[in-house]
Amino acid sequence: MSIFVDSDTRLCVSGITGREGTFHAMNNRRYGTEVVAGVTPGKEGQDVEGVPVFNTFAKAVAETGANTAMVFVPPRFAADSILEAADAGISLVVCITEGIPAHDELRVYTHLQRSGDVRLVGPNCPGILSPGKANVGIIPASFFKEGNVGVVSRSGTLTYQIGNELAQRGFGNSSIVGIGGDPVPGSSFIDVIAEFEADPQTELIVMSGEIGGSAEEEAAEYIAANVSKPVVGYIAGFTAPPGKTMGHAGAIVSGSQGTAVAKAEALEAKGVRVGRTPTQVADIAVEILGG
Amino acid sequence: MSIFVDSDTRLCVSGITGREGTFHAMNNRRYGTEVVAGVTPGKEGQDVEGVPVFNTFAKAVAETGANTAMVFVPPRFAADSILEAADAGISLVVCITEGIPAHDELRVYTHLQRSGDVRLVGPNCPGILSPGKANVGIIPASFFKEGNVGVVSRSGTLTYQIGNELAQRGFGNSSIVGIGGDPVPGSSFIDVIAEFEADPQTELIVMSGEIGGSAEEEAAEYIAANVSKPVVGYIAGFTAPPGKTMGHAGAIVSGSQGTAVAKAEALEAKGVRVGRTPTQVADIAVEILGG
Amino acid sequence: MDLLEYQGKQLFARHGVPVPRGGYAATVEEALDVADGIGYPVVVKAQVQIGGRGKAGGIKVAQDRDEAREHCEAILGMDIRGLTVHELWLEEASDIASEYYASFVFDRSAKATLAMLSTKGGMDIEAVAEEDPTAIAKLHIDPLLGFQDFHARRLCFEAGVDADVVRGVTVLLGRLYEAYEQEEAMLVEVNPLIVTGDRQVAALDAKVTLDDNALFRHEENAEMRNVSAEDPQEVMAKERGLTYVKLDGDIGILGNGAGLVMSTLDVVAQAGGAPANFLDAGGGSKAEAITSAVEVILSDPKVKAVLFNIFGGITRCDEVARGLITAFEQIKPTVPFVVRLDGTNDKEGRALLAEANLANVHTVATMDEAASKVVEVAR
Amino acid sequence: MDLLEYQGKQLFARHGVPVPRGGYAATVEEALDVADGIGYPVVVKAQVQIGGRGKAGGIKVAQDRDEAREHCEAILGMDIRGLTVHELWLEEASDIASEYYASFVFDRSAKATLAMLSTKGGMDIEAVAEEDPTAIAKLHIDPLLGFQDFHARRLCFEAGVDADVVRGVTVLLGRLYEAYEQEEAMLVEVNPLIVTGDRQVAALDAKVTLDDNALFRHEENAEMRNVSAEDPQEVMAKERGLTYVKLDGDIGILGNGAGLVMSTLDVVAQAGGAPANFLDAGGGSKAEAITSAVEVILSDPKVKAVLFNIFGGITRCDEVARGLITAFEQIKPTVPFVVRLDGTNDKEGRALLAEANLANVHTVATMDEAASKVVEVAR
């Protein structure tokens with residue numbers, strides 16, 4: 001087992017004809033992901049190394065049975081592409097694009113929440129890797145192997161760092177999910193942790209957070225109430241410069257939430273052990289699961 | 001039993017301090033409806049013949065436990081009032097106001113559909129009467145008594161006419177529901193017929209439609225598939241002037257639907273007997289239920 | 001409210017929908033000034049609220065000033081299917097490579113806006129819809145999310161829009177939807193939506209129906225109402241807040257509520273009569289409204305008898321009776337009236353009528369009886 | 001992007017939010033011209049991106065031209081908490097009866113916009129929030145439905161706005177939300193929102209933060225960026241597409257991805273070092289970006305050593321190595337570099353570095369090792 005992506009994944013890549021889109025689509029395919037289609041308006045009839053390109057998601061889904069979308073288009077087109085994928089019946093949209101306007105994210109998030117069963121992961125995320133099964137996104141898969149640790153992270157590169165530390169101790173992963181650090185991520189720590197809790201292959205959950213927002217604090221509450229599996233936390237940003245507070249209103253909204261210390265304490269208060277460095281996270285994993 | 005309004009109804013009237021608002025609120029209260037509050041911004045602290053007035057629905061609901069709203073404000077304020085009532089936790093909103101802009105209705109309808117369990121009846125409707133229990137709206141209650149016929153109608157005065165014809169034959173009503181004839185009614189024939197089907201007191205359902213739209217045709221399909229109780233139909237407008245078609249696009253949308261003949265035939269094709277005059281409707285009811 | 005072509009184009013232009021350069025004129029001299037400003041060739045277009053202007057000779061291209069004068073003189077005053085042309089729109093001639101069709105219409109059944117696009121524009125789109133429904137790409141719009149670029153692209157690719165103008169049509173559709181939504185239209189229709197020789201897109205015609213109920217928010221649009229083009233009796237009724245539609249028969253009908261009035265027409269027809277009009281006095285009709293309504297009905301000289309069918313809810317029967325009595329005092333009608341009052345305050349209303357003892361007014365108890373009686377007295 | 005008060009007020013005015021009449025000036029003479037146009041008394045306001053201008057003497061009322069000159073001369077060039085005043089906004093003096101507070105802010109936790117209104121405006125609203133949280137009425141807005149009149153009324157009545165200005169505040173809030181949403185702001189804040197003696201409402205101050213990611217849709221706003229007010233190194237970094245924040249230490253840090261960079265700062269701090277900066281070269285960094293990044297880091301004279309911590313996903317380690325090599329060729333840095341490359345094309349990257357054999361560059365295998373090493377070489 002694994003979560004979100006596996007051998008049933010049939011991937012359609014939005015922006016497949018762009019340089020980065022082609023590179024990562026092919027990378028995902030080489031890993032074993034079934035890349036069945038691409039979407040680039042006006043380029044229907046072409047193919048990218050054998051993957052057929054369509055003008056619209058509607059047609060791509062109708063012709064290829066795609067069930068998962070990876071969005072790789074520039075920020076000004078990304079919200080539209082996510083909505084198009086959802087409208088066409090795609091059930092999982094993974095958005096890699098960074099720099100999407102915040103109000104776009106808010107509208108897309110709210111619309112998807114209300115109008116059905118579409119899961120969005122990202123935007124501004126590295127994607128999802130289920131080692132040995134499928135890779136959808138830009139996670140460098142060669143560092144990871146199949147195993148029993150589920151990883152969820154707001155940061156891309158930090159995910160690789162932590163995954164790598166675990167790999168060096170001999171741990172593999174059920175799935176690695178980057179949820180992204182944007183103002184309005186489509187999936188939260190809670191959404192992903194709930195899936196790992198339900199996934200029989202996952203025996204330990206690692207969540208990697210960072211300063212800002214309150215997603216880690218909310219996850220701490222959720223874990224205490226709903227999660228039976230051990231969870232190891234990591235928070236980046238203990239020595240980071242204070243973030244931009246958005247006026248006095250921003251300060252009123254966030255209160256004392258959002259610092260690395262507050263987040264680590266919130267997790268520890270709920271029984272989640274928190275590593276202070278990526279290496280410590282791996283050390284704790286060894287303690288819990290055995291070396 | 002009855003549907004939508006009964007002795008548990010706790011009514012809050014939006015626009016209670018207006019002339020018509022006061023008149024009908026008091027009329028409803030005299031009938032036995034529990035009128036617990038009114039809303040008129042800026043008039044909190046006043047009362048209308050003992051009914052306390054609040055500035056907002058939020059406060060009215062918090063202070064009085066109102067569960068039903070009747071909206072009586074002018075058209076430019078009506079959509080806002082419906083949304084406010086729903087936002088405050090009201091579960092049934094009956095909107096009497098006529099002349100609400102169509103795009104307002106569309107937004108309100110779509111928002112309410114998505115965001116929870118609020119039922120809207122109307123706008124531009126006479127309201128709901130459950131004889132012997134509660135009257136919410138402008139239906140002249142003295143013509144109706146408790147009984148086993150459920151009536152649902154797009155037209156206000158036609159409802160009274162049909163109800164009256166039935167009353168003259170000795171029939172009473174479980175509930176009489178005016179759904180209104182506006183472009184986007186909050187509740188459809190189908191919504192109301194489903195409730196009558198489930199209501200043990202109702203033994204016969206009368207639906208009174210009119211030309212335009214396709215609500216009657218859709219109801220015919222629904223009745224054939226889901227309704228075990230006898231349904232008698234009426235359609236007004238056999239000799240009406242052809243309605244405004246909205247350009248060629250309007251003609252393409254509606255096709256041959258919408259005429260009185262088409263509606264009556266659609267209902268009869270599904271086994272619903274259709275009276276050609278209000279008197280005939282009552283005659284058919286006598287045949288079905290016994291005189 | 002239906003707009004004339006030029007009004008629709010001005011509304012489009014406010015939202016950035018490309019339209020050909022043009023100007024309005026009500027006389028030949030004005031028209032020639034406008035044409036000179038535009039340059040030649042110029043298109044002279046009759047402004048009337050009816051289709052088939054082109055076939056009727058209401059649209060002509062003029063190569064020069066003399067030809068323009070000739071066309072303007074021919075078209076101004078022309079009768080097109082019963083409507084006299086009082087207004088002209090002149091615009092630059094377009095170089096047309098393709099003709100598409102685009103519209104947004106308020107779809108009551110779907111409770112959503114329907115968007116349609118076809119590459120078979122410039123002709124009778126209803127015929128296209130019948131002969132080859134797949135030639136029209138359609139989709140419904142979520143009113144809260146709005147019309148998105150992907151909707152436009154999907155319509156373009158499904159309709160088979162030329163690849164090089166997909167971007168242009170997408171932008172045009174986005175702006176057209178903005179016009180539809182922000183102006184609170186029930187319909188915006190562009191036929192043809194043209195692609196020019198240099199691959200630009202523009203709306204060559206404009207059909208716009210605005211929501212009358214929303215005009216209070218759009219002063220600029222409310223002013224566009226073209227009263228002269230409407231039936232004078234209908235205008236009179238509208239000014240008095242009544243809904244009136246003229247019909248061909250001789251029995252004047254008044255009721256309260258559209259459903260009851262329609263039902264009354266049906267029952268009168270079944271009794272062998274021919275209704276002269278549909279008149280809904282509306283909910284909560286006051287005495288004055290009833291008096292006005294009698295005036296409107298009797299302004300039709302064909303009316304031989306009048307039926308009042310009132311079932312009072314929000315309307316009170318005593319108010320109706322008072323209005324009728326005033327109308328008799330003011331207008332002194334000579335035709336017979338049949339009056340049926342039921343509902344709120346019906347006893348008071350009937351008592352008032354009995355007391356007034358109006359000549360030629362018959363009070364009856366039921367709707368069926370009222371229909372038979374009015375047919376009888378109209379003979 | 002944070003706007004200055006006058007920029008925020010101009011943005012408000014575009015959406016119909018009432019603001020006092022005023023004008024911009026960068027010199028005393030310009031300011032006096034503006035003041036003459038407005039008339040006296042006039043308010044002279046320093047335009048700097050920091051709170052507490054009033055207390056610092058940056059806001060003064062002038063009764064006449066001489067006084068205006070005096071105030072402008074005093075304020076232009078003034079230092080307010082480290083920022084020099086280069087710009088003035090002059091506006092008509094307002095007759096203030098009450099001071100309210102209003103804001104819309106993008107609330108990440110709630111994934112919705114938060115609206116706030118208080119009648120305790122004109123003072124430190126954070127203090128109000130702490131001392132008496134009930135003094136601030138709050139509610140969240142559904143982004144698809146938008147801010148409705150009933151939201152505004154609810155805020156007004158909960159906050160205790162004077163009954164006679166509820167309508168005015170409702171209208172102002174509606175327009176303020178329109179400005180917030182259509183300009184894609186992360187924050188619009190009005191403190192104080194004033195009620196005048198004749199019971200009009202207006203925004204007397206304006207704090208606006210725009211979404212940098214949305215500026216491509218708002219050219220007019222993008223032009224308002226006040227580069228001179230920003231840290232020159234941060235500007236340099238931003239122009240090169242890098243995210244750079246200056247810190248107090250002496251170890252330059254470069255990484256790819258904000259999380260990894262933050263984690264690197266933490267690990268360096270734990271190893272006893274003091275980071276000189278936060279620099280995220282971003283996903284997919286190309287060689288050029290890396291070269292630019294080195295330039296930005298070394299433009300800080302305090303930097304004694306630099307740590308490169310790269311874990312390649314979309315970023316390819318060979319590109320990073322190439323960028324570093326170019327930087328060495330162009331800039332010839334004199335401080336030691338510690339480089340850790342892992343991930344996509346890491347072998348190729350390490351091979352390139354080995355081949356280039358740059359002076360003073362230490363390649364290490366792990367992040368922990370990198371931290372220890374850079375702290376060591378920085379001594």
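Only this structure's heavy atoms are used, side chains among them; waters, hydrogens and symmetry mates stay out. Residue numbering restarts at 1 for every chain, and letters A, B, ... go by the order of the sequence lines.
Here the closest non-hydrogen pair linking D:Gly259 and A:Glu210 is CA-OE1, 3.6 Å. Between D:Ala214 and A:Pro101 the shortest heavy-atom distance is CB-CB, 3.8 Å. In terms of heavy atoms, A:Thr279 sits closest to D:Asp368 at OG1-OD2, 2.7 Å. What you find for D:Ser263 and A:Tyr234 is that their closest heavy atoms are OG-OH, 2.6 Å.
For chain D, the nearby parts of A:Tyr160 are the backbone and the side chain; heavy atoms of each come within less than 4.5 Å. With a threshold of 4.5 angstrom between heavy atoms, A:Pro126 does not approach chain D through any atom at all. Both the backbone and the side chain of A:Ala102 come within contact range of chain D, with heavy atoms under 4.5 Å apart. Within the 4.5 angstrom heavy-atom criterion, no atom of D:Ala110 approaches chain A. The contact between A:Phe238 and chain D is made by backbone and side chain atoms together, counting heavy-atom distances below 4.5 Å. Interface remark: A:Asn27 contributes no atoms to any contact with chain D (heavy atom separation under 4.5 Å). Using a 4.5 Å cut-off between heavy atoms, A:Arg276 contacts chain D through both its backbone and its side chain.
Considering only heavy-atom pairs separated by less than 4.5 Å from chain D, the leading option among A:Gln168, A:Gln113, A:Gln161, A:Arg154 is A:Gln161. Interface check for chain D: of the options A:His24, A:Glu165, A:His111, A:Glu105, the most heavy-atom pairs under 4.5 Å are formed by A:His24.
Contact of the D:Phe278 side chain with the A:Thr239 side chain is not registered, since no non-hydrogen atoms from C-beta on lie closer than 4.5 Å. Here the side chains of A:Leu158 and D:Phe311 are not in contact, with every heavy-atom distance at 4.5 Å or above. Side-chain contact between A:His103 and D:Pro143 is absent, with no heavy atoms from C-beta onward closer than 4.5 Å. Within the 4.5 Å cutoff, side-chain heavy atoms of A:Asp104 are placed close to those of D:Arg217.
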>> One pair to check against side-chain contact (heavy atoms from CB on, under 4.5 Å): A:Glu217 and D:Ser109. What are the steps and the verdict?
In response: CA-CA 10 Å; A:Glu217 288 86 337; D:Ser109 303; over 6 Å; no

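In this structure, CG in A:Leu106 is found 5.5 Å from OG1 in D:Thr113, a value given to the nearest 0.5 Å. Between the NZ atom in D:Lys111 and the OG1 atom in A:Thr110 there is a gap of 9.5 Å [rounded to 0.5 Å]. Atoms OG and CE, on A:Ser155 and D:Met262 in that order, are 7.0 Å from each other to the nearest 0.5 Å. In this structure, CG in D:Asn256 is found 5.0 Å from OG1 in A:Thr157, a value given to the nearest 0.5 Å. With rounding to the nearest 0.5 Å, the separation of CG in D:Asp211 from CD1 in A:Ile100 is 11.0 Å. Once rounded to the nearest 0.5 Å, the distance linking CG of D:Leu144 with OG of A:Ser115 reads 9.0 Å.
Using a cutoff of 4.0 Å between basic side-chain nitrogens and carboxylate oxygens, A:Arg107 and D:Asp142 are not scored as salt-bridged.
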